[in-house]
Every structure is written in structure tokens, then in C-alpha cells.
Amino acid sequence: MRSILLSGLLLLGLSRVLLAQEAPLIEARLDSVVITAHFEPTLLHEAVQPVRVISARRIQLQGASHLQALLYQVPQLGVMQHRVLGGAPEMQGLGSQHVAVLVDGVPVTGRIDGRLDMAQMLLSNVARVEIVEGPSSVFYGSHALGGVINLITRSGRQWPDGPSVALRSYAESVGSWDNSLDLRYRRGSFWAGLQLGRHAFDGYLGGDDVTRAADWPERRQRFLLSAVGWEGRQIRLTYSAQFFDETLTEQGEPDAEGFAQDNEYRSRRTWHTLTYTRRWAGRYLHLTGSWSRYDRKIVPFVVQTQTGSRERQTEAIDTTVYRQGFVRGHYLHHLGVTGLQLFGGGEVWVEQIEGARIASGSRQLGTYAFFGGLLYRTGAVQVRPAFRYAFNDEGQALLTPALNVRVDLGAAHTWRLTLAQGFRAPSLKERYLDYWMTIGPSTYHITGTPDLKPEVSWHLGLRYDYRRVLGSVRLELETTAFLNNVQDLIALSPLVRNEQGIWTRHYENVQRYRTRGGTFTLRLRHRGLHFWATVAPLWRYVELSESYPEAPRYELTTDLLGGVEAQLPGQVQGLLLYHYGGSRTVYYTVRDRATGQTLLQQAAVPDYHLLDLALQRTFWRQRLWLTAGVKNMLDVTNLGQTVWDTRRAHQRNLFLYGRTAYVQLRLMLGGRQ
């Protein structure tokens, strides 16, 4: 494999000199259309609420097969990696349970401990990724308290007429590979597609003192995506189905007799979505219905490492099933030349969970919402107040307001203000968990709390954009600032030993959690060359400062991000990405068993430098694409021990598995261009 990777890099390196040319850039254009946090498709440069867009070409050039691989280079967005639960996003200092992950506006089901595994969010059929920082609960309800990541899938209307085939093959030196086949057909307004593929990751040990227990376990994934649609001038009707299957194998270290405990985590996701949109005479109607199911099964094995024999522990198999029904519709009406838009809609979201860890074995919760608002334009000012009223089967109800203001001062200056409330309703697990666990001589009992209150936050965001053309150079400055104040944060209580000697803990509402920060970005564009640099400070509230005066009130972390993308001679595109992550101190408590006192402790997460390089060249009239690159050129690996979230158990911060090289081939055949 190494020779293949080096050959790909050498081929791309023979592209003469690095001279900028006129060509489309891989960064999302200002005339791109976005839909996230807006009630109709809107041009990016006209959006009232800021939206960050990652284009399909950027995804391809970065060699990102799944969402986790894409998010390392986004300001104010971190990835928390867990050995088994995978990578989960953190946005503006708020945890993964506060970030809504959507596919075409539909929430993804299957959160485990509040997090979704980003390595299961495949990008093979994604046209772009839209990211909104800050609360979007008015639009998307629970989990959108901290922000939204919306995966927009490809539309068949962009395919060539007639039948066509697309092939993709990807290999990475760490022992990862992908293969996919995409069958497409379009005739006029009708289109249909079928995509199937496999992904494999051989695992990565990550330590010199282990022989089997990999920090990054082996994964095997299979997927099938199908879609059919009809798109006219005013009406669009689409149906899509997704089938995903994964086996993650966690191996244990052998004991003195050579026996080890292995676990297979088997995940299966099924998804069906039907969407109808119509746009006519200043009106826009959007209807979506979706049903999804996510099965998570833990299958333990006892392995004799000396002989290789495996014995399945059938009686210890643990299965959890998540089901979700989702129906949403909204309508928007432009009132002629008055500059006024009215919009409103409703939503029904029914979730069900069943498994041995859930009290009574199965629970279901329905959430119902009405939302609406208006957008008023007068000259250079746009004002958009909106609200959502939601209630659920438990009798809880909440009114959530939001206000967005945009002011354009000529062609050079734009101000945006966001004042919004966000919320996150308690999950079924946080309400009804009933989990027993024995480790050595100790027994632990973790339970949910049915009467938990929803988390509620207030967010204040301000953004200023400045644009100016200096000869052939376009200068752009972007400055943002934000405040997040979360009330009734849901977290696990401290461990308490009861009279029977059992260690117990439960979910409870703690007082509050706050973050504040911002970004400053400089962009320079010159023909086919684009340079940018971002400074992103973030202050996280230290909850323990309320009980321990020696702990600081806020902990500061500063990140630096930058990059260069360029169109080079010979139809070659280049991308260089840099990310400096500042050091961080995390505070937690431990109980001194000798004295019974609870002591404040701290753990240091060191800083790091990431550097990625990618080159891409097209052949055969842009039917064959060759991409090669190096990820993590500075060979950053795990960053030590830390505690990520408020009152979480101690976790190891798995970050990256070192330097890797990759090569990707994409071939498109057929179709009348």
C-alpha cells in the first residue's frame, strides 16, 4: 500500500510550478444556497443568521469519508473521541448533547450517553455540510441548544442526463479503506440512484504497553443508499432510504492464563424519508416525514489468545433499540413589495427506546411543537423574530423565542445580531435508565430521574463582516463574539455509597454552565488563490469554582486555524490546513478514602499542532479524479488523561493516531454531459 500512496503523491507532484490560475475555489461560494436555520433556500451572502458551509469538493479534497474526519479544522468546533462511542462534536464549549446532527433537516436517532458517533455519519452522498453556531431550537427543537450540523444530500437534478456510474476507492496508510459504487439515472425531471459501499479500519493500538486493547478499535461498515425523485420548476418530491451496518471490535488484554474479554458493538441503522416542497408566487411549502430505527447490540466473547478460540457469552448480550418517527411541515409567504415574510409550521417527534437498561424495558415519548415568525426588510435592515411552543407527553411545555437582526452598511459592512433561547429536553435514558454494573468487589447502580427539568439557555451572538477589493485582491474580515448561559444543566450526580454498600448515582439538574468566546478571521482571495487565518479564544465556566475558591471561574483555551487553497497548473488543486489547539486545564474532584474528604484535582491537556496537505488532479475531461495527501503531518497522537464534561466519569482523551497518507480515486462514466 505504501508504494501506491507514494506513487499517487509523486504523480501529483509532477505538476510543474505552483502558479495561481483563474478557477473555481473549493471553499463554498457566497452565491451558494443554504437552508439550515432559514425557512426557505437562501443565498449564503443574504442569510440573516450566519451559516458555515463545507462544500463537496472540500470534503473530497480532505479525504473525509465520515463527518468526524471533516470537523477537526472548523473553528469553535471540537471533537471528543471515545474508544467505543466514537467521536462527538463540541460547539462553542457546549457538549455533544447540545449539538443537533441532522440529515436534510431530520434529526439522527441513536444517541448513546448524549452523543452520536460521527464516524457513522458517512459523507459519500453529501453535497455540503451546513453548520450553525448557537441555539437553533426555534427551528430544530431539542439538542439544538449549542448549534446544528446539517448534512445536505445530493440532488439527482445535478446529474448528467441518462444512466451513469460513479466509482470511489480510498486507501489510508493507517489501515483504512473505502470502496463505493454509485448507480444513477436521470431523464428530464425524474431521477433515481442507488449507492452501496464498504468501509474498513483495521484499528490502532496507540500504546507500547498493550498487545490487543487498541485505543482505536477495528471497524467494519457496510451501507446502502437509495433515492428517487421528481423535480419540476415549482415542485420537488423525493424519497430516500438508508441502510447502515457496523461492527466495532473492542479487544481486551489477556490475563496470566491467556484469556481475554472481547466485545463486539454491532450497530444497524435504517432510515426512510419522504420530502415534498413547492415554491410558487412568493410562497414556499416544505413537508417531511421520516421513520428511523437504530439497533445497538453488545456481544461479549471470551478469547483464548494462545489458541485463538472464541466463546460467545450469549447470556450477557445487551441490546438497545431506538425508534423515531418525525413529521414536520412549514409554510412561508412573501407579502408582495412590503418587504414582509410570514412563516409558520408544526412538528411531531416520537421517540421510543427499549432494552435491559431501561426501567420497565421500554419507554416512549412524543414531543409536539408549533413555530412561526416573520422577516421584515426595510432598506439595509432585516429583522426576524421567531418562536417555538413545544410540549410533550410528560406534560412539560416550553415557549422558546429568538431574534435575528442584520444590518448592511453599504457593500462593505455587515452586522448580525442573534439573541435566542435554546433548550434540551431530558432524553429517555436520562429519565428511565436502570443500569447495574459490578467491577471487582464494588457494585454500581445508575438510574434516571423521570421528573428532570429541560435545560434552557440564553445565547447572545454578534458578528461583523468587512469586505473590500484592493486591485485584484479581495479582502474579507470576520469578527464574532458569543455568550452562552445554560440553566438546569443535566448531569450525573456524584457517587454515593448507600446502606447496602452499593455505589449509586443518578441524573439531576445542576445549577448552570456558561461559555463565552469569539473568532477573528482574515481572508485574502486572489484569482485561484485563497488564504485564511482564524483566532478562536474560548472561555469555559468552571463549575467547581462555586465550591472551591482555588479553582478559576473560567478556563481559557485559544485555537489558531488557517489554510491555503489554490488552483495550480495542469488542473491540479491544492489544500493546506493548519490547526493549533491551545493547552487546557480541566478540574475535577476525587474522594480521599483514608480521610473521606473530597479533594479538587486538575488535569492538563497539552497544546498541539495539526497540519494537513492535499492535492487533487482531474483527467479525462473531469471524469477521473485523483486525490492524494498527508493528514496530521506533525504526527500528533493521544494527549493524555482528562475529564471532558461536567460531572462525567474520568475518560482518556483519544485524539489522533499519528501521521497518515492517503490516496483516493473517483471515476464517473456514462451520462450525456
Side-chain angles (χ1 to χ4, degrees), residues 24-38 40-45 47 51-71 74 101-106 108 118 121-132 148-161 164-168 170 178 180-186 189-197 223-231 236-242 244 271 273-275 277 279 286 288 290 565 573 575 616 618 622 625 627 664 666 668 671 673:
L25 292 174
I26 59 177
E27 185 73 12
R29 295 163 53 95
L30 292 178
D31 57 358
S32 301
V33 174
V34 296
I35 188 65
T36 309
H38 294 77
E40 65 174 341
T42 304
L43 293 176
L44 179 59
H45 73 275
V51 181
R52 188 185 304 276
V53 179
I54 304 177
S55 66
R57 191 171 294 183
R58 170 74 174 268
I59 294 171
Q60 297 162 9
L61 194 52
Q62 279 193 234
S65 300
H66 49 75
L67 187 57
Q68 180 176 345
L70 188 67
L71 297 181
V74 179
V101 180
L102 316 172
V103 176
D104 292 326
V106 177
V108 179
M118 297 296 97
M121 302 293 103
L122 304 180
L123 301 176
S124 58
N125 194 40
V126 171
R128 65 187 185 276
V129 177
E130 299 181 359
I131 300 173
V132 176
V148 173
I149 301 174
N150 195 5
L151 280 63
I152 308 299
T153 58
R154 292 188 183 129
S155 168
R157 192 172 185 177
Q158 302 168 352
W159 297 344
D161 198 49
S164 59
V165 178
L167 302 170
R168 176 181 178 269
Y170 173 91
D178 296 285
S180 65
L181 170 66
D182 199 349
L183 306 175
R184 308 168 177 173
Y185 177 80
R186 186 175 75 86
S189 298
F190 172 80
W191 55 269
L194 176 67
Q195 183 181 93
L196 61 159
F223 65 91
L224 186 149
L225 309 173
S226 62
V228 60
W230 187 90
E231 297 187 47
R236 176 184 178 186
L237 179 64
T238 62
Y239 165 77
S240 62
Q242 173 181 312
F244 171 86
W271 196 324
T273 303
L274 180 65
T275 302
T277 60
R279 193 169 194 168
H286 180 93
T288 297
S290 175
E565 61 183 44
Q573 288 182 317
L575 177 66
Q616 184 178 85
T618 62
Q622 296 192 352
W625 299 68
T627 308
Q664 176 180 257
R666 294 174 55 245
M668 289 179 282
Q673 300 296 326

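Nothing fancy with the numbering, it's 1 onward along the sequence. Keep in mind it's a predicted model, so treat the numbers as computed, not measured.
With a 4.5 Å cut-off on side-chain heavy atoms, Q664 and R168 count as touching. The side-chain heavy atoms of M668 and W159, taken from C-beta on, include no pair separated by under 4.5 Å. Side-chain contact check for L167 versus L181: some heavy-atom pair is nearer than 4.5 Å. Contact check for I152 versus V126: no side-chain heavy atoms found under the 4.5 Å cut-off. Two residues are said to be in side-chain contact when any heavy atoms from C-beta on lie closer than 4.5 Å; T275 and H286 meet this criterion. V101 has its side chain within reach of M118: a pair of non-hydrogen atoms, C-beta onward, lies under 4.5 Å apart. Under the 4.5 Å side-chain criterion, counting only non-hydrogen atoms from C-beta, Q242 is not in contact with F223. In this structure the side chain of L274 reaches within 4.5 angstrom of the side chain of L237, judged on heavy atoms.
For the pair I35 and P41, the tightest heavy-atom approach, listed with the atom from each and the gap, is CD1-N, 3.4 Å. Closest approach of T42 and E40 over heavy atoms only: OG1-O, 2.9 Å. Counting all heavy atoms, side chain and backbone alike, R154 lies closest to S124 at NH1-O, 3.0 Å. Closest approach of A64 and L123 over heavy atoms only: O-CD1, 3.7 Å. Pairing each heavy atom of A47 with each of H38, the nearest pair is CB-NE2, 3.5 Å. Minimum heavy-atom separation, S290 to W271: OG-NE1, 3.1 Å.
Proximity of a side-chain donor or acceptor of Q195 to a complementary backbone N or O of S180 within less than 3.5 Å is not detected. When atom types are taken as modelled, the side chain of S189 and the backbone of E231 share a donor-acceptor pair closer than 3.5 angstrom. At distances below 3.5 Å, at least one donor-acceptor pair connects side-chain atoms of N150 with backbone N or O atoms of G105.
Annotation: the span from W230 atom CH2 to R157 atom CZ amounts to 9.0 Å, rounded to 0.5 Å. Rounded to the nearest 0.5 Å, atoms CG (L61) and CG (L575) are 5.0 Å apart. Atom CD1 of I59 is separated from atom CG of L70 by 5.5 Å, given to the nearest 0.5 angstrom. To the nearest 0.5 Å, atoms CZ (R58) and CD (E565) are separated by 6.5 Å. I149 CD1 to I54 CD1: the interatomic distance, rounded to the nearest 0.5 Å, is 8.5 Å. To the nearest 0.5 Å, atom CD of residue Q616 and atom CD of residue Q60 are 6.0 Å apart.
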Could you go step by step and tell me if L224 and L194 meet the side chain to side chain contact (heavy atoms under 4.5 Å, CB included) rule? CA-CA 7 Å; L224 186 149; L194 176 67; 3.7 Å; yes
Starting from the C-alpha separation in whole Å, work towards a yes-or-no answer on side chain to side chain contact (heavy atoms under 4.5 Å, CB included) for L102 and L151. CA-CA 6 Å; L102 316 172; L151 280 63; over 6 Å; no
Are V228 and F190 close enough, and set up right, to give a side chain to side chain contact (heavy atoms under 4.5 Å, CB included), and what steps lead you there? CA-CA 8 Å; V228 60; F190 172 80; 3.5 Å; yes
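Not counting sequence neighbours, S226 has no partner by the side-chain hydrogen bond (donor to acceptor under 3.5 Å, both in side chains) test. For D182, the salt bridge (charged side-chain N to carboxylate O under 4.0 Å, His left out) test picks out R184, with sequence neighbours left out.
The only member of V74, V132, L44 that meets side-chain contact (heavy atoms from CB on, under 4.5 Å) when paired with R52 is V74. Partner of T153 under the side-chain hydrogen bond (donor to acceptor under 3.5 Å, both in side chains) criterion, out of T238, T273, D104: D104 alone.
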